[in-house]
Structures are given as C-alpha cells and as structure tokens.
A.B. asks: 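Input: one structure, supplied below.
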Amino acid sequence: MEEKTRVSGAEALLLSLIREKVDTIFGYPGGAIMPMYDKMYDKHDLLNHILVRHEQGAAHAAQAYAQVTGKPGVCFATSGPGATNLMTGITNANLDSIPVVFITAQVPSGLLGTDAFQETDMISLSMPVTKWNYQITSAEKIPEAVAKAFYFAKSGRPGPVLLDITKDAQIQEFDFHYKRIKSIRSYNPKPTLDKNQVQQALDMMSQSKKPLLLAGHGILIANARDELMEFVDKTKIPTAVTLLGKSVIDEEHPCFVGMLGMHGNYAPNKLTNEADLIIAAGMRFDDRVTGDISRYAPNAKIIHVDIDKAELNKNVKADLAIHADIKDFLQQIVPAQYYTCNSEWRQEFKRLNEMEKEKVIAPELYPENGHLRAGEVISKVSQLTKREAIVVTDVGQNQMMAARYYGFKNPNTLITSGGLGTMGFGLPAAVGAQVGKPDKTVVLFTGDGGFQMTAQELGTVVQYQLPVKIIIFNNNFLGMVRQWQNLFNDKRYAQTTMPTPDFPMMAKSFGIESKWVRERDQLDNTIEEMFSHEGPYLLEVSIEKEANVFPMIYPGKAVDEIVLHEDQ
Amino acid sequence: MKELFTIIAFSENHIGLLNRITIIFTRRHINIESLTVSSTEVKGIHRFNIVVYETREQVEKVVAQIEKVSEVMRAEYYTNDEVVSREIALYKIPLKTAIEENLEQLLREYDARMVDVQSDFVVIEKTGHVEDTEKIYDLLEPFGILQFVRSGSIPITKQRKELSTYLNELPRDEYA
Ligand SMILES: Cc1ncc(C[n+]2csc(CCOP(=O)(O)OP(=O)(O)O)c2C)c(N)n1
C-alpha cells in the first residue's frame, strides 16, 4: 500500500505520468497549463520535456515516439489555440491507431461555457477523433483519469486519448494515491480467440491453390513479427504488406511480394484478383488498398483477423471473420499448420515483379541521364544505412517513393502518415523518432511542400541536437497533386507550383549543416558526407520536376487494372 | 431494403457519451427517428434506445461502432417484431372544437384519454405503437391540432436471456 501525499492537481498529474513510466513529454506552455509547467520545473530529472515550435509538431512527435519505442506518447498543450493546434495530430494518431495521451489545459471550471479567454470545447472537438476523452474539473479525479487514459490508449486497438484539465483542478490540493487500471467492465480489449475458427482457417487454407497473405499494421502493433515469420516460413504463402504494414517482414524474404494499394507493387495488386484465398491479418481494407471495392478479389475466399470487431465486414465481407489478437491467432495456427503453398503460384508474383523491375524500377534506380530521381537517392541511402535506419516520410510522392525503394528490414522502421495523409507530418515525426531512439539513424524523406508546413521544427532539432538526416526532394511542385493534374486534368497545373526558399541557407540559419545537390555526380559523396556528419544534416536534392510515381491504380479502378506507366 | 430497427446500447453513465454515440449516426448520414436515454434495472448502467429506418447491413455496422465506444458494454439491434415498444403522444386541441365534435367517442374507441382541460384547450394522451399515435393524429387533425409531441419509442426486448443477467455478470473495474 502506497502512502498518501498531499499535492496539487498539477503535481498529481506529473506523479501519475511517472507511475505510468512516462519519461518524455512533447509540449508547449501557455496560460492555462502554467501550473503543470511550474511543477515540471522540479521534476527535470524524471521527466524530459521536448519544447516544440508548434503544437502540431508536438502531436506528430509524440506519435512517432510511440511508434519507435512501443510506449504511449505524451503531449501537453495549453487551452484554446494550443489545444486546437493539436487537432491534426490527434486525428492522424487516431486513423493510424497510435497510442498517444494528449493533455490539454482548460480555463477554470467556473468559466466553462462562458467563451472565456482561450476557452475551446476540446471534449466536443476531439470526440470523433479520440478513442476516449475526459474533462477533469477537480484534482482528486486526476489519478483515475490518467490511469484510464493510459489503459485505453495502449490496450486493444490502440489510439489517442485526451484529458482536458481545468486550471483550478491543477491548483487544488488533495491526497494523492495512484492505482493503475487492470480492467474496465465496459471495455474488452482482448477478445478470446475461437479455436474452431483456427480449424476453419486451416481447412480453407488446405483447399486453396492461390493464397495471398495481406499483412498490416496490426501485426506490428501486436508485436507479432516473429509469429508472422514462422507462419510465412512454414506455409510459404506469398506475403504482401500495406503501407503501414511495411517493415513487418524483411523485404528480402523470398515470400515477400510487395506493397498493396494505389502505388504499391504490380504483382500483389494484379494477383489479388486471381487469388482464391486472402488472409488479411491486422489490416482494414482501406480504399487506397482495395481500389474499386465491387471488383476486389472476386475469386477469393476471405479470412479476416482483426482485434477491432467493427473492422470485420466493414469494407469487405469476410467468409471467415475472426475477432482476435493477431498474435494469438498466429500462435495458435503455427503449430497446427501443415500446409505449404505451391511454388508455381509464387512464380507468378516473381514474373510480374520482374516486369515492374524492368519497366519501372530499373529506370528509377539507374537512370543514365536526365535529372536526379527520388528512387536513386533513396536506394543510395538504403545501401549506406544497410536498411537499418528508421525512415520517416512526409506525404506525397516522397512518401510513396520512400515506401517503395528503401527496402525495409526491421519492425517499426517506417514512420509515415497513412490514414490521414498529413503533409507536414515528416519533420516533427522525425524529431519524435530520434528522441525515442537516440542511438538509431533517423532519415527523413520529405517534399518541398510538406517540409514548409512544419519547417519551424528545425528549431527543435537544433535545441536538442537531434542528429536527424533530412532529405528534401525539391521538384518545385506539390508533386503528388501535380501528378494527378498531369494524368487526369490535362496538365492544368493549378496552384501546384511554388518557389522554394534556399533550404540549405534556411538550415544554416538554424545552425544545421546542409548541402544542395543538383547533379548525379555529386550525389554519392554528399550522401556519404551527410551520414558521416555527427549532428543533424539537411540535404536538398533537386529532382526531375515532372516525375510520376508508378505503378498506379487510377482512382475508381480495380486493383488488377494497375498500370506500370501512363500510356498503358 | 430499409426497415425500422431498434438499437439498444448499455453504457456507463458518463457525460458526453450521448454525443459520442450520435456522431456515429450523423457521420453516416443516418437519420435518428427517435432516441431515448434512461436508467436500467442495473444500478449505474444506462441504456440508449435508438430507432432508425435503415438497411440491416448499415445497422450492423453502426452497432459495431457503438459497441466499440469504450464506455459501452453492449449494443444490439432488433427488428420490430423482436421488441414490444411503446411511446406516449400528447395532442393539444382547441376546447371549442373538442366540445362541438364528438371527441369522447373517438377517445374511447381508440383507447386515448383526456389528461387536462383548460378554459380554451384540452390535452389528449395516447400511449401505444407509433402507428397508433399516428392514427390518432390523423383522426384529431379535423379538430385542429395546436400542438403535438411524442416521447420517442421505448422498447422492451422479447428475448429470453435478460440483458441484466449479462450486465450483472460483468466483472467490476480492477486496479493493479
Ligand atoms: C495538410 C495537407 N494538405 C494538403 C494535402 C494534399 N496533398 C497531398 S500530396 C500533396 C503534394 C505534396 O507536395 P510536396 O510536399 O512537395 O511532396 P511531393 O509530392 O512533391 O513529394 C498535397 C498538396 C495533404 N495531403 N495534406
């Protein structure tokens, strides 16, 4: 039994965080949250606070921190504008199922509902984009609310939660006593796997000649990479990944057949519609993955395993819907499993992927002339980092290229904005990733547009001397939108071109080492220089202005209508 | 095919939960025909009774989303013949027409009653199925309806296993 101590709400909050094993907070102070920052002054040695340059940055950083460490991220913001600046980051974490505990301050409870200075109704605002939220108006509610917040954020399908704490609740004193939560009666985060369904899955597998495994983010969240690999090694089933599922399998594994979706690889998309069995593991059949859903996987029986019951039969009707933790499912099926996929089916993936290699990948990676291309840069970075880096991306062409060409190896090494597709995610996420894994190489690939959305976080990079390697692909275009204008709007490039600042000069003004590469013959040296430099480094690469990302499933098309180039 | 479904959700009694549940409908452009919230036979547990006119497929998905809300214990949906449901409707009629026309007989025939009489109007109450309260509306219309209000439908399910049994079996919150 722990001793009770009389403390203020602000201190209770910090003590509660410490009890939840939090050691890092991303945040930004302001009027309503001052009591908490004041108490933090005394807890410097226990709580490391990263002061960002904009609250959106704190939110993205906290999420990336959660992704690389496996611990929930924690984020502080003051009431009003501080809190509303978090909204994009909260939404991003929600769509990508990342556990982040957002703590916003609120005006004193007596002023609630009066349009007081810097009052916003964060509970209503964040309701559709949080897993749970709660307003605390008296100090003694703090321990239980924090305990619940962490429990909800981490367990089941993880997600962001928000605690909104009035200023008076931070100041009030009470007898602090903390208990962590073990279970909540209204909430069942761990469904029990129905063993009969494992047998049914085995039966369906034994009937299948052309099975395809779709591995999603859920496997990373469930920490089930080992189980997945055992399953794949035993069954030899061709394994495709979603964007957020990248890094669940070493891309050099013989059963890896590529990425699904709009800019995924040729073979897994094409052959989705030939497969006679799809095993969807911890993925949610997002529309970017399925293309035209009415023509998705017409020949396949579908086994869908997900921890979130609401995902089952939501987008794609499953023949066998298994409500379970994917780790439990894999643990059960691996020992029972006797089935091996035939090699002709795997050869078909090989054949189509060879086509993609010849038509798309080789010209991207080994261009003989013309401007630099994103793919060759990413490939060079991949070689130099031995595929061991944590890769962070922004959104747009840079993101798709990084996902396509880095060649992921270790789990949780791609940090990218999937569900929301948030431009401006990259730099702050790189900050969070580097804070979470100080000894790892963190590489950010970003576009000139997205970089400018949150570029102020260069200040954070410098303040904490985070050795992130930033690569800006400058095409002087909002590239991905320009690509659509090129393909679907007759090259009417409406509002997609913008002059860019001198990025190296900008970096230098922050005190960050930087170079600008325009020519192919400067590339290798400069990349090597970047990685041998100890601190942060910003590399601007001028790339082909009108390069398009291919293959592509055009909007409204079926997955097997994926094209390798625009005249196809 | 769309039909009437009654969705019943059991939850903790927390501020803001109503909002969390209704946005599940508004996001999908589903119109709520009626919504009532009440306490239950189990202390501290509240129930939401929501009637919608929708396809079964949509209702299934919505119910899954409701059940996903952390503070909801259980959500289920029922067709009309799986529940006994009732609502109250009140009708305000001018006294003048109420006296002139033969209101008494109508009320007797349709099992409605006069619950208040004032110097210039009367208030009539009808409890029953939605169809019943609507039927009376049509019949009262010629009298001149000054005000009409209904409570929204409250359902009792016909199934054998009472939900309270399930709710009582739920473990209590546990702390480490
Ligand atoms: C916050 C936000 N605004 C707008 C968009 C729409 N959008 C998607 S990709 C893109 C272009 C990105 O351009 P850039 O950052 O230069 O990257 P590139 O595609 O050229 O690699 C835009 C505008 C978005 N995803 N996020």
Side-chain angles (χ1 to χ4, degrees), chain A residues 1-2 19-20 94 97 112 121-137 141 143-145 147-153 155-159 161-162 164 177-189 191 306-315 317 321 323, chain B residues 7-30 40 42-48 54-77 163-176:
Chain A
M1 204 64 193
E2 170 193 24
R19 290 296 302 273
E20 291 292 339
N94 192 49
S97 314
L112 284 171
D121 180 359
M122 273 312 282
I123 295 298
S124 295
L125 267 176
S126 65
M127 195 162 275
V129 293
T130 48
K131 186 170 169 187
W132 183 73
N133 64 10
Y134 187 73
Q135 187 171 61
I136 301 171
T137 53
K141 290 267 165 49
E144 192 188 353
K148 278 191 172 165
F150 277 85
Y151 181 63
F152 282 134
S155 58
R157 178 177 180 173
V161 299
L162 183 138
D164 193 48
H177 173 58
Y178 197 79
K179 287 185 292 189
R180 296 182 75 172
I181 297 239
K182 261 171 58 186
S183 74
I184 289 178
R185 66 172 178 179
S186 62
Y187 172 75
N188 176 14
D306 206 288
I307 198 163
D308 180 358
K309 202 168 151 197
E311 288 300 345
L312 301 170
N313 297 317
K314 186 182 87 176
N315 298 337
K317 189 111 190 97
H323 181 209
Chain B
I7 297 169
I8 304 179
F10 292 89
S11 75
E12 301 289 353
N13 174 20
H14 283 175
I15 292 180
L17 209 50
L18 175 61
N19 200 358
R20 221 176 237 287
I21 288 176
T22 52
I23 53 181
I24 293 172
F25 293 85
T26 46
R27 253 186 95 178
R28 292 169 181 76
H29 271 255
I30 298 174
T40 63
V42 184
K43 208 169 159 250
I45 292 184
H46 273 221
R47 67 186 269 175
F48 291 75
E54 251 309 332
T55 60
R56 182 178 287 265
E57 199 193 344
Q58 269 288 23
V59 170
E60 261 170 25
K61 289 181 190 179
V62 164
V63 166
Q65 295 293 339
I66 296 175
E67 204 161 51
K68 183 170 158 176
V69 173
S70 314
E71 288 144 322
V72 170
M73 281 121 197
R74 193 167 175 134
E76 289 181 339
Y77 66 95
L163 278 163
S164 52
T165 330
Y166 163 80
L167 296 173
N168 281 322
E169 282 163 7
L170 283 177
R172 293 161 54 108
D173 293 358
E174 270 183 69
Y175 296 86

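Reckoned from all heavy atoms, side chains included, excluding hydrogens, waters and symmetry mates. In this text, all values refer to a predicted model and were calculated from it rather than measured experimentally.
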A.B. asks: Using non-hydrogen atoms only, which part of A/Ser155 is less than 4.5 Å away from chain B: side chain, backbone, both, or neither?
C.D. replies: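 It is neither, since no heavy atom gets under 4.5 Å.
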A.B. asks: May I ask you to check whether over 12 heavy atoms, not counting those of B/Arg28, lie within 6.0 Å of atom CZ?
C.D. replies: yes
A.B. asks: Output the option from B/Glu12, B/Arg20, B/His14 having the highest count of non-hydrogen pairs under 4.5 Å with chain A.
C.D. replies: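 Ranked by contacts with chain A, first place is B/Arg20.
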A.B. asks: Apply salt bridge (charged side-chain N to carboxylate O under 4.0 Å, His left out) to residues B/Arg56 and B/Glu60 and explain how you reach the verdict.
C.D. replies: CA-CA 6 Å; B/Arg56 182 178 287 265; B/Glu60 261 170 25; 5.2 Å; no
A.B. asks: Quick one: sort the A/Tyr187 and A/Phe152 rings into parallel, tilted or perpendicular, breaks at 30° and 60°.
C.D. replies: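 Perpendicular: the ring planes of A/Tyr187 and A/Phe152 meet at over 60°.
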A.B. asks: At a heavy-atom separation under 4.5 Å, does A/Glu144 approach chain B through its side chain, its backbone, both, or neither?
C.D. replies: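 Side chain of A/Glu144 only, per the 4.5 Å heavy-atom cut-off to chain B.
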A.B. asks: Please state whether the side chain, the backbone, both or neither of A/Ile123 comes within less than 4.5 Å of a heavy atom of chain B.
C.D. replies: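 Neither part.
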A.B. asks: Of all the heavy-atom pairs spanning A/Val161 and A/Ala149, show the shortest one and how long it is.
C.D. replies: CG2-O, 3.5 Å
A.B. asks: Measure distances from A/Asn133 to the heavy atoms of chain B and classify the residue's part below 4.5 Å as side chain, backbone, both or neither.
C.D. replies: both
A.B. asks: Walk me through it: do B/Arg47 and B/Thr40 pass the test side chain to side chain donor-acceptor pair (under 3.5 Å)?
C.D. replies: CA-CA 6 Å; B/Arg47 67 186 269 175; B/Thr40 63; over 6 Å; no
